[in-house]
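Below is one structure, written out as structure tokens; comments come after it.
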Amino acid sequence: MSQLLNYKLEGKGDTIVLLHGLFGNLDNLGLLARDFRNDHQVLSIDLRNHGHSFHSDSHTYYQQADDVITLINHLNIKQCVIIGHSMGGKVAMKVAETLQERITKLIVMDMAPVTYHVRRHDNVFAGLKAVLEGRPTSRSQAMQLMAKHIEIDGVRQFLSKSLFKEEDILAWRFNVEALISNYDEILGWDPICPTAVPTLFLKGGDSDYLTSDHQSLVQQQFSQAKAHIIANTGHWLHAEKPQEVIRAIRKFL
């Protein structure tokens with residue numbers, strides 16, 4: 001029996017599945033969950049090696065998609081909309097490939113179905129390791145250790161949401177070693193078989209994760225793809241402009 005991911009299920013109605021990105025957890029898309037649970041059933045998930053879900057040495061998109069599908073089947077969800085941000089967007093695309101007939105709509109937030117060649121997170125990994133090695137006993141100590149490697153305060157604040165006390169030492173909920181050793185997998189992508197699931201790609205206007213260069217690769221894999229740009233936002237578009245993101249998703253649904 002494969003292990004079940006940690007999840008939160010709330011609201012009533014047609015199901016929307018929410019998948020967070022790298023270093024996140026099921027609370028990251030909480031602004032969306034709080035809106036959609038008013039008229040949908042919302043399934044928020046901790047992906048493997050994140051949040052309260054199980055840790056594993058391997059972290060491929062096939063495995064992550066399989067984890068999500070196992071949970072959807074366990075909860076007896078016949079049809080759903082799936083929304084993923086960043087790494088969670090890639091997981092969502094893999095789920096849609098396998099469950100085409102059960103995914104009614106797919107929304108991918110600021111991610112393309114491509115292999116990325118820029119290592120954007122080496123400073124983050126250095127900051128995470130500094131915390132592990134420094135064994136801080138307070139949040140402020142952990143923040144200081146991260147600050148030596150991670151310049152942007154907002155990134156440090158986001159990461160700090162995954163700190164917890166283990167005895168008297170602060171540790172990470174996510175599996176740092178596995179994420180470092182699988183980073184090429186996280187950047188990578190095996191193109192999926194073309195799918196006709198209606199798909200919305202939401203792009204942060206100032207982000208370079210999804211660009212016009214990716215358009216042909218998107219169209220090769222998603223025959224029913226639309227794109228919508230949320231202006232003046234970066235990669236964290238749902239945190240920066242939640243109401244605009246929710247409006248765009250609701251219009252698409």
Quiz item: Does any non-hydrogen side-chain atom of D67 lie less than 4.5 Å from one of I69?
Solution: no
Quiz item: Hey, what do you get for CD1 (I103) to CD (E97), rounding to the nearest 0.5 Å?
Solution: 12.0 Å
Quiz item: Between atom CG of L210 and atom CD of Q215, what is the distance when rounded to the nearest 0.5 Å?
Solution: 9.5 Å
Quiz item: Is it the case that T60 and Q63 place a side-chain donor and acceptor less than 3.5 Å from each other?
Solution: yes
Practice problem: May I ask you to say whether R250 pairs ionically with D39, meaning some side-chain N is under 4.0 Å from a carboxylate O? | Solution: yes
Quiz item: Is it the case that one hydrophobic cluster holds both L106 and M87, taking links as side-chain heavy atoms less than 4.5 Å apart, direct or via other members?
Solution: yes
Quiz item: Can you find a pair of side-chain heavy atoms, one from Q224 and one from V197, that are under 4.5 Å apart?
Solution: no
Practice problem: Answer yes or no: does atom CD1 of I152 have more than 12 heavy-atom neighbours from other residues, nucleotides or ligands under 6.0 Å? | Solution: no
Side-chain donor-acceptor distances from residues 19-34 under 3.5 Å, at least two apart:
from: H20; atom 1: NE2; to: L47; atom 2: N; distance (Å): 3.0
from: N25; atom 1: OD1; to: D27; atom 2: N; distance (Å): 2.8
from: N28; atom 1: OD1; to: N25; atom 2: N; distance (Å): 2.8

Quiz item: Got a sec, which residues hit side chain to side chain donor-acceptor pair (under 3.5 Å) with S160, two or more places apart in sequence or on another chain?
Solution: R139
Quiz item: Quick one: side chain to side chain donor-acceptor pair (under 3.5 Å) partners of N76, sequence neighbours excluded?
Solution: K78
Self-check item: Partners passing salt bridge (Lys or Arg N to Asp or Glu O under 4.0 Å) against D122 (at least two apart in sequence or in another chain)
Solution: R119
Practice problem: Assess whether atom CG of D35 is packed by more than 12 heavy atoms of other residues, nucleotides or ligands within 6.0 Å. | Solution: yes
Self-check item: Pair D208 + R120, salt bridge at N-O below 4.0 Å
Solution: yes
Quiz item: Would you say the side-chain atoms of H235 and S86 include a donor-acceptor pair closer than 3.5 Å?
Solution: yes
Practice problem: Would you check if the distance from the ring center of W189 to the ring center of Y116 is below 6.0 Å? | Solution: no
Quiz item: Take atom CD in Q141; do more than 12 heavy atoms of anything else shown fall under 6.0 Å from it?
Solution: yes
Quiz item: Can you hop from V42 to I77 via hydrophobic side chains spaced under 4.5 Å?
Solution: no
Quiz item: Which residue pairs pass the side-chain hydrogen bond (donor to acceptor under 3.5 Å, both in side chains) test with at least one member in residues 190-205, sequence neighbours excluded?
Solution: Q100-T195
Quiz item: After noting the C-alpha distance and the side-chain angles of L159 and M146, does the key distance pass the side-chain contact (heavy atoms from CB on, under 4.5 Å) rule?
Solution: CA-CA 9 Å; L159 293 166; M146 278 194 277; 4.1 Å; yes
Quiz item: What heavy-atom pair brings P242 and A239 nearest, and what distance separates the two atoms?
Solution: CD-O, 3.6 Å
Exercise. Give a yes or no on whether the backbone of P113 and the side-chain of Q221 come within a donor-acceptor separation of less than 3.5 Å.
Key: yes
Quiz prompt | Same apolar cluster: F222 and I83, side chain cutoff 4.5 Å | solution = no
Practice problem: Report yes if the side chains of I186 and L179 come closer than 4.5 Å at any heavy-atom pair, otherwise no. | Solution: yes
Exercise. State yes or no: do I229 and Y209 share one hydrophobic cluster built from I, L, V, M, F, W and Y residues joined by side-chain heavy-atom distances below 4.5 Å, directly or via other members?
Key: no
Quiz item: Roughly how far, to the nearest 0.5 Å, is CZ of R156 from NZ of K161?
Solution: 14.5 Å
Quiz prompt | Stepwise side chain to side chain donor-acceptor pair (under 3.5 Å) check, R48 with S53 | solution = CA-CA 5 Å; R48 68 165 54 198; S53 283; over 6 Å; no
Quiz item: Between W236 and D110, is a side-chain contact (heavy atoms from CB on, under 4.5 Å) present by the stated rule, with each step listed?
Solution: CA-CA 8 Å; W236 293 92; D110 214 58; over 6 Å; no
Quiz item: Should the ring pair Y183 and F125 be called parallel, tilted or perpendicular, given that the plane angle runs from 0 to 90° and is split at 30 and 60?
Solution: perpendicular
Self-check item: Nearest atoms (heavy-atom pairs only) where G234 meets S207
Solution: C-CB, 3.8 Å
Could you list the donor-acceptor pairs under 3.5 angstrom formed between side-chain atoms of residues 165-173 and any protein atom two or more places apart in sequence or on another chain?
from: K165; atom 1: NZ; to: T137; atom 2: O; distance (Å): 3.1
from: W172; atom 1: NE1; to: L128; atom 2: O; distance (Å): 3.1

Quiz item: Just checking, is any N or O donor in the side chain of H59 or N49 under 3.5 Å from an acceptor N or O on the other one?
Solution: yes
Quiz item: Are the side chains of F54 and L4 in touch, meaning some heavy atoms are under 4.5 Å apart?
Solution: no
Self-check item: Over-ring placement of K226 relative to F252, 6.0 Å and 45° cut-offs
Solution: no
Practice problem: Could you tell me whether the side chain of N123 and the main chain of I150 form a donor-acceptor pair under 3.5 Å? | Solution: no
Quiz prompt | Note, I45 side chain near N6 side chain (heavy atom, < 4.5 Å) | solution = no
Quiz item: Are Y61 and V91 side-chain neighbours, meaning at least one heavy-atom pair lies under 4.5 Å?
Solution: yes
Exercise. Apply the test side-chain contact (heavy atoms from CB on, under 4.5 Å) to residues L71 and N73: give CA-CA distance (whole Å), side-chain angles for both, the deciding distance (0.1 Å), then the verdict.
Key: CA-CA 5 Å; L71 180 60; N73 289 336; over 6 Å; no
Self-check item: Any side-chain heavy-atom pair of M93 and I82 under 4.5 Å
Solution: no
Practice problem: Taking all heavy atoms of I72 and all of C80, pick out the closest pair and write down the distance. | Solution: CD1-SG, 4.2 Å
Exercise. Mind listing the closest non-hydrogen atom pair of F201 and M111 along with its distance?
Key: CD2-O, 3.6 Å
Quiz prompt | Closest approach of A126 to H149 (non-hydrogen atoms, all atoms of both residues) | solution = CB-ND1, 3.5 Å
Exercise. Assess whether atom CG of N38 is packed by more than 12 heavy atoms of other residues, nucleotides or ligands within 6.0 Å.
Key: yes
Quiz prompt | Derivation of the side-chain contact (heavy atoms from CB on, under 4.5 Å) call for L202 and L237 | solution = CA-CA 9 Å; L202 277 180; L237 61 175; 4.0 Å; yes
Exercise. Give, for atom CD1 of I249 and atom CZ of R247, the distance between the pair rounded to the nearest 0.5 Å.
Key: 12.0 Å
Quiz item: What is the distance from atom CG of N182 to atom CG of L187, rounded to the nearest 0.5 Å?
Solution: 11.0 Å
Self-check item: Gap between atom CD of E177 and atom NZ of K129 - 0.5 Å precision
Solution: 6.0 Å
Practice problem: Indicate if I192 and V17 have the same hydrophobic cluster label, given that clusters are the connected sets of ILVMFWY residues with side-chain heavy-atom separations under 4.5 angstrom. | Solution: yes
Self-check item: Pair T15, Q41: side-chain N/O donor-acceptor within cut-off below 3.5 Å
Solution: yes
Quiz item: Nearest heavy-atom pair of N175 and S56: which atoms, and what distance?
Solution: ND2-O, 3.5 Å
